[in-house]
Visitor: 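This is the structure, below, for whatever I ask next.
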Amino acid sequence: MSRLTIVLLVLLLCLSGLSPAGAQGGLDDAQKAAVIQRIDRALQAIGDFSSFSVTHTRMSRSDFSLTSPDEELFISGNAAYAATLNVINDIIPNLHGVVLADVSAINSSDEAGTYDFVISGELREVNGQQYVNATRLAVDNTGLDDMPAGWVAVDDPAAWPVLAELQLETLFSDAAFDLDVMDEPDFWQFADITVEGGIMSDGTQVDVIRMRMEGTELVAAFEQFPDGTQMVAAFEQFPDAINDTEDNSLDAMLLQNLSQTSSMELLITLDNATDFPRQFHLVMNLQWINLDWSVLNASVEPGTGSISWVMDYDVYSEFSNINANLNPIDAPEDASFAPPPVVVPPEGVPPVDAPLDETPLDEMPSDEMSGDDEMSGDDEMSGDDEMSGDDEMSGDDEMSGDDEMSGDDEMSG
């Protein structure tokens with residue numbers, strides 16, 4: 001277990017304590033609907049905060065295996081993520097934070113799918129411009145692109161795949177880490193819902209709303225609302241080797257065959273005086289145990305192979321300094337505005353942004369290549385030409401402790 005994972009576990013344990021003040025359970029459908037609407041309003045209110053600080057942690061694990069007489073495949077992935085942000089939602093937003101991601105994966109059939117590294121960074125948004133200063137510590141840099149050195153201006157996070165694990169697009173566009181869990185509020189009507197009063201360590205009176213589904217209820221919720229949780233998006237990464245579908249039918253087949261031991265729990269703490277969210281905690285365990293391969297791949301004979309897949313997901317956010325007077329951060333003085341690096345294609349292959357030849361077909365020279373001369377699949381470019389990444393950035397520019405979010409609003413454990 002990595003140091004970051006241990007730190008996140010300790011943080012979750014420390015922040016999860018509340019002084020209880022009675023519980024309300026056994027809610028009927030109308031009462032459930034009222035509670036769900038209250039949560040939905042509270043999460044939407046985050047967008048109206050003039051400022052806030054948020055501490056966010058996320059841990060995920062995925063173990064997938066395929067066993068058959070002709071093939072054995074094992075894919076395992078682990079990720080731990082932590083971010084602390086100060087956000088000012090003024091006419092011109094101002095954001096400052098630090099983020100850390102620890103990711104590793106093992107793929108028994110793809111060497112490129114095996115990696116282990118930690119990436120950390122400081123980020124700022126000043127006057128509409130986004131900046132990042134990141135560094136990476138990798139067990140093996142083979143196949144990893146070079147990290148940018150020092151502060152860089154980032155206009156489009158998607159143009160910087162080397163920084164993907166920092167989740168910049170989410171940080172800059174949705175710093176509150178809204179997980180879209182209320183996009184389908186009725187999804188949670190299948191849950192067992194309780195409301196418990198409590199007192200935070202700073203004396204704030206709160207309601208702790210707990211919504212839990214497992215077994216039959218969870219399967220029914222997914223069947224009726226397949227987009228009820230953003231975690232369905234994870235199914236898009238299901239290994240192609242076991243799937244011959246080209247649409248969303250794989251999602252449906254997986255959800256219909258979800259193990260009865262799967263569970264999902266959402267805990268939200270709301271300030272009684274303002275109904276502002278103070279804490280958000282989602283825990284999910286999805287399992288498929290010894291599922292017949294033919295269920296997901298129609299081209300496979302029943303009994304040919306079996307699939308097992310376990311996904312664990314734990315995400316926690318705590319808000320403080322809501323609508324407080326936070327000091328804005330300045331832009332870094334030494335930031336580079338150079339464009340993101342472009343991977344140069346092999347000789348003879350035009351870059352993706354090369355202008356198209358718009359010459360009409362009837363004006364093209366007669367010696368142009370005919371359709372009979374198309375390149376065969378054997379001539380496709382191999383993946384051996386990826387850029388290596390040996391140059392790591394030093395961590396001298398990390399955010400100082402004076403800028404970190406204070407922990408005055410943490411709960412006692």
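From a predicted model like this one, the values you see are computed outputs, not experimental measurements. Along the sequence shown, residues carry numbers from 1.
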Visitor: Quick one: does any side-chain atom of R278 pair with a main-chain N or O of F319 as donor and acceptor, under 3.5 Å?
Guide: yes
Visitor: Could you grab the distance from atom CE of M211 to atom CH2 of W188, nearest 0.5 Å is fine?
Guide: 5.0 Å
Visitor: Run the ring-ring contact (aromatic ring centres under 6.0 Å, His included) test on F52 and F276 for me, step by step, so that the C-alpha distance in whole Å, both residues' side-chain angles and the decisive distance to 0.1 Å come before the verdict.
Guide: CA-CA 11 Å; F52 63 90; F276 289 160; over 10 Å; no
Visitor: Give me the one residue out of T269, T57, D314 that meets side chain to side chain donor-acceptor pair (under 3.5 Å) with H281.
Guide: D314
Visitor: With sequence neighbours left out, write down each residue that passes side-chain hydrogen bond (donor to acceptor under 3.5 Å, both in side chains) with T216, or none if nothing qualifies.
Guide: Q260
Visitor: CZ/R212 to CG/L218 distance, rounded to the nearest 0.5 angstrom?
Guide: 9.5 Å
Visitor: Could you check whether R136 pairs with D145 (Lys NZ or Arg NE/NH1/NH2 to Asp/Glu carboxylate O, under 4.0 Å)?
Guide: no
Visitor: Tell me whether E217 at atom CD has more than 12 heavy atoms from other residues, nucleotides or ligands lying less than 6.0 Å away.
Guide: yes
Visitor: Have N321 and S53 got a donor and an acceptor in their side chains that come within less than 3.5 Å?
Guide: yes
Visitor: Check whether any side-chain N or O of S262 sits under 3.5 Å from a backbone N or O of Q287 as a donor-acceptor pair, and report yes or no.
Guide: yes
Visitor: CD1 of I307 to OG of S65: how many Å apart, nearest 0.5 Å?
Guide: 8.5 Å
Visitor: Verify, without hydrogens or angle tests, whether T114 (side chain) and N107 (backbone) share a donor-acceptor contact under 3.5 angstrom.
Guide: yes
Visitor: How long is the gap from CD1 on I88 to CG on L95, to the nearest 0.5 Å?
Guide: 9.0 Å
Visitor: Might you point out which heavy atoms bring S50 and N323 nearest each other, and give the distance in Å?
Guide: N-OD1, 2.8 Å
Visitor: I need the H96 NE2 to N327 CG distance, nearest 0.5 Å.
Guide: 12.0 Å
Visitor: Quickly, which of F64, W293, W309 forms a ring-ring contact (aromatic ring centres under 6.0 Å, His included) with W288? Name it, please.
Guide: W309
Visitor: When you compare the side chains of S263 and N285, does any donor N or O come within less than 3.5 Å of an acceptor on the partner?
Guide: no
Visitor: Any donor-acceptor pair under 3.5 Å linking the side chain of R58 with the backbone of Y316?
Guide: no
Visitor: Please report the interatomic distance OG(S306) to CG(D292), rounded to the nearest 0.5 Å.
Guide: 7.5 Å
Visitor: So, the side chain of Y81 versus the backbone of H56: is there a donor-acceptor pair under 3.5 Å, distance only?
Guide: no
Visitor: Under the side-chain hydrogen bond (donor to acceptor under 3.5 Å, both in side chains) test, which residues partner E72, sequence neighbours left out?
Guide: none
Visitor: Please check this pair: side chain of D28 against backbone of Q31, looking for a donor-acceptor N/O pair closer than 3.5 Å.
Guide: yes
Visitor: Under 4.0 Å between a side-chain nitrogen and a carboxylate oxygen: does that hold for D275 and R38?
Guide: yes
Visitor: Is N94 reaching over with its side chain to a backbone N or O of I329, donor-acceptor style, under 3.5 angstrom?
Guide: yes
Visitor: Can you tell me if K32 uses its side chain to pair, donor with acceptor, with the backbone of D192 under 3.5 Å?
Guide: no
Visitor: Side chain to side chain contact (heavy atoms under 4.5 Å, CB included) with A331: which residues, sequence neighbours excluded?
Guide: V126, Y131
Visitor: Is there a donor-acceptor pair closer than 3.5 Å between any side-chain N or O of N89 and the backbone N or O of F49?
Guide: yes
